[in-house]
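Just so it is clear, the model here is predicted, and its values are computed rather than measured. Values below: every heavy atom of this structure, side chains too, minus hydrogens, waters and symmetry copies. Naming convention: chains lettered A, B, ... in sequence-line order (proteins, then strands); numbering from 1 in each chain.
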There are 2 protein chains.
Amino acid sequence: MAHRSPRADGLRNRARILEAAGQAFAQDGPDVPLDAIASRAGVGPGTVHRHFPTKQSLLTAVVAARLGRLADRGEQLAADPDADFYEFLAELAGEARHNLALAEALGGPASVEADEAGQRLAAALASLLSAAQQSGSVRPDLTVGDLHAIITGALTMERRLPPDRHGIGLQVVMQGLRNW
Amino acid sequence: MAHRSPRADGLRNRARILEAAGQAFAQDGPDVPLDAIASRAGVGPGTVHRHFPTKQSLLTAVVAARLGRLADRGEQLAADPDADFYEFLAELAGEARHNLALAEALGGPASVEADEAGQRLAAALASLLSAAQQSGSVRPDLTVGDLHAIITGALTMERRLPPDRHGIGLQVVMQGLRNW
DNA sequence: AACTATACGGGGCGATCGCCCCGGTTAATA
DNA sequence: TATTAACCGGGGCGATCGCCCCGTATAGTT
């Protein structure tokens with residue numbers, strides 16, 4: 001009486017929308033019509049709006065989910081003294097390669113202010129970076145901000161490379177990051 | 001009688017529009033309203049449409065002009081046996097840093113099929129690249145396509161870097177491009 | 001099984017933007 | 001200076017999209 005259990009279809013549809021929006025944003029960028037997401041999820045446009053009052057809130061939710069997973073992985077690696085900085089970079093690139101929205105989120109200022117996951121990821125990245133710098137495997141004059149821009153650029157490269165050339169952009173950037 | 005000289009105001013307005021569109025696209029990207037360009041040029045929206053029947057044609061004209069200058073410079077350097085490959089890269093970055101539309105054009109497939117200037121630029125780049133590879137200053141396994149993607153990524157980096165860190169992204173990429 | 005809160009779907013409003021037309025004006029020619 | 005073709009400006013049409021409302025159906029509670 002005080003509270004009622006949430007309805008099963010409500011939760012199911014919310015998950016469907018999140019899933020569909022994830023695919024749609026990844027494929028077509030942030031400008032996909034909401035109706036396209038709705039029909040992809042098999043629900044009406046009104047349903048989308050009820051779960052996510054504004055388009056931005058939907059985008060934020062989607063990106064936050066992806067970012068959260070990445071942040072988890074980053075924290076995990078940051079805690080491991082044997083972790084390889086470059087390995088994380090490669091994983092990041094693999095994730096973002098086929099995800100337009102995620103790639104943009106990683107670069108834009110939206111990631112920082114967007115939510116808590118972005119900050120966690122940034123912190124993990126900073127920790128990984130300074131460890132790599134102390135071990136001498138990354139040039140010491142690089143700041144975290146530099147790194148963000150560089151990662152964004154590397155992701156741009158990878159997305160523009162044909163499938164049979166994947167990895168070469170990242171390889172070039174990594175080579176440039178090492179001490180010389 | 002057979003033909004009449006073009007009117008002075010017509011040519012003047014066309015030039016104004018091209019100039020205004022160049023600034024507008026560079027600052028705000030390809031999505032600026034046509035009316036914004038019109039008011040910036042000090043003409044009516046109808047005038048813009050008469051000179052450039054579609055928005056795409058205006059964008060193409062603007063990009064082609066910029067691309068043409070870059071292609072000229074590229075061909076000039078390609079003809080000079082002492083020319084430095086990395087110097088051209090730096091010039092390219094300097095141009096594209098404050099030019100959103102140009103940067104996107106350099107990366108997207110639009111540059112190739114867009115017009116003849118893009119192809120000239122690509123050819124000059126290819127010539128510069130193979131010369132640098134033969135002299136041993138660039139890793140030999142890189143293709144021209146790779147280079148395009150890499151340049152696009154480097155431009156992305158530079159645009160995301162704060163002013164006091166400009167150049168570091170390019171520096172990293174260049175270092176990665178060298179033989180190792 | 002009856003009840004009620006919650007969710008669903010589709011249609012519609014308002015704003016934005018690209019594109020185009022039309023009446024008035026201006027520059028080039030004779 | 002008279003003529004005429006080209007150009008100018010602003011207003012408007014149609015399409016798109018985000019956002020929201022409301023009548024109906026359904027899931028959870030008693």
Side-chain angles (χ1 to χ4, degrees), chain A residues 1-64 100-101 104-105 110 114, chain B residues 1-64 100-101 104-105 110 114:
Chain A
M1 8 174 108
H3 290 304
R4 205 175 236 202
S5 298
R7 285 177 49 159
D9 53 350
L11 270 64
R12 192 175 53 236
N13 276 339
R14 186 189 162 87
R16 279 168 111 87
I17 292 170
L18 229 35
E19 167 74 16
Q23 293 180 10
F25 282 138
Q27 280 188 5
D28 303 333
D31 282 345
V32 283
L34 278 185
D35 294 19
I37 296 177
S39 71
R40 188 177 203 136
V43 302
T47 305
V48 175
H49 173 259
R50 193 171 330 100
H51 285 286
F52 303 93
T54 173
K55 185 178 192 173
Q56 183 57 42
S57 69
L58 175 56
L59 210 174
T60 302
V62 168
V63 171
L100 210 64
E104 292 191 4
Chain B
M1 0 162 142
H3 289 304
R4 205 175 238 203
S5 296
R7 286 178 48 159
D9 53 349
L11 270 63
R12 192 176 53 235
N13 276 341
R14 185 189 163 87
R16 280 167 111 86
I17 292 170
L18 230 34
E19 167 75 16
Q23 293 180 12
F25 282 138
Q27 280 188 6
D28 304 333
D31 283 344
V32 282
L34 279 185
D35 294 20
I37 296 177
S39 71
R40 188 177 203 135
V43 302
T47 304
V48 175
H49 172 258
R50 192 171 332 99
H51 284 287
F52 303 94
T54 173
K55 185 178 193 174
Q56 182 59 42
S57 69
L58 176 56
L59 210 174
T60 301
V62 169
V63 170
L100 210 64
E104 292 192 4

**Prompt:** Any side-chain heavy atom of Phe25(B) within less than 4.5 Å of one from Val63(B)?
**Reply:** no
**Prompt:** So which heavy atom on Lys55(B) is nearest to which on Asp31(B), and how close?
**Reply:** NZ-C, 3.8 Å
**Message:** Give me the atom names and distance for the closest heavy-atom approach of Val62(A) to Gly22(A).
**Reply:** CG1-CA, 3.8 Å
**Message:** Is the phosphate of dC8(D) approached by His51(B) (side-chain N or O, under 4.0 Å from OP1 or OP2)?
**Reply:** yes
**Complete:** Residues of residues 7-19 of chain B with a heavy atom under 4.0 Å from any atom of DNA chain C, listed by number, are Arg7(B), Ala8(B)
**Request:** Heavy atoms only: give me the nearest Ala41(B)-Ala20(B) pair and the separation to one decimal.
**Result:** CB-CB, 3.7 Å
**Asked** Got a sec: does the CZ of Arg40(B) have more than 12 other heavy atoms crowding it under 6.0 Å?
**Response** yes
**dT29(C) OP1/OP2 closer than 4.0 Å to side-chain N/O of Ser5(B)** = yes
**Item:** nucleotides 17-24 of chain C: protein proximity per nucleotide (B base, S sugar-phosphate only, - neither; heavy atom, under 4.0 Å)
**Value:** SSSB----
**Message:** Do Phe52(A) and Thr60(A) have side chains that approach each other closer than 4.5 Å (heavy atoms only, starting at C-beta)?
**Reply:** no
**Request:** Nearest 0.5 Å please: distance from the OG1 atom of Thr47(A) over to the CZ atom of Arg14(A).
**Result:** 13.0 Å
**Message:** Just verifying a value: how many Å separate Ile37(B) CD1 and Leu59(B) CG, rounded to the nearest 0.5 Å?
**Reply:** 8.0 Å
**Prompt:** Looking only at heavy atoms, which two atoms of Pro53(B) and His49(B) are closest? And how far apart?
**Reply:** O-CD2, 3.0 Å
**Axial bend angle, the helix from dA1(C)-dT30(D) to dA30(C)-dT1(D): five-pair end segments, nearest 10°** = 10°
**Heavy-atom closest contact (Pro6(B) atom, Leu11(B) atom, distance)** = CB-CD1, 3.6 Å
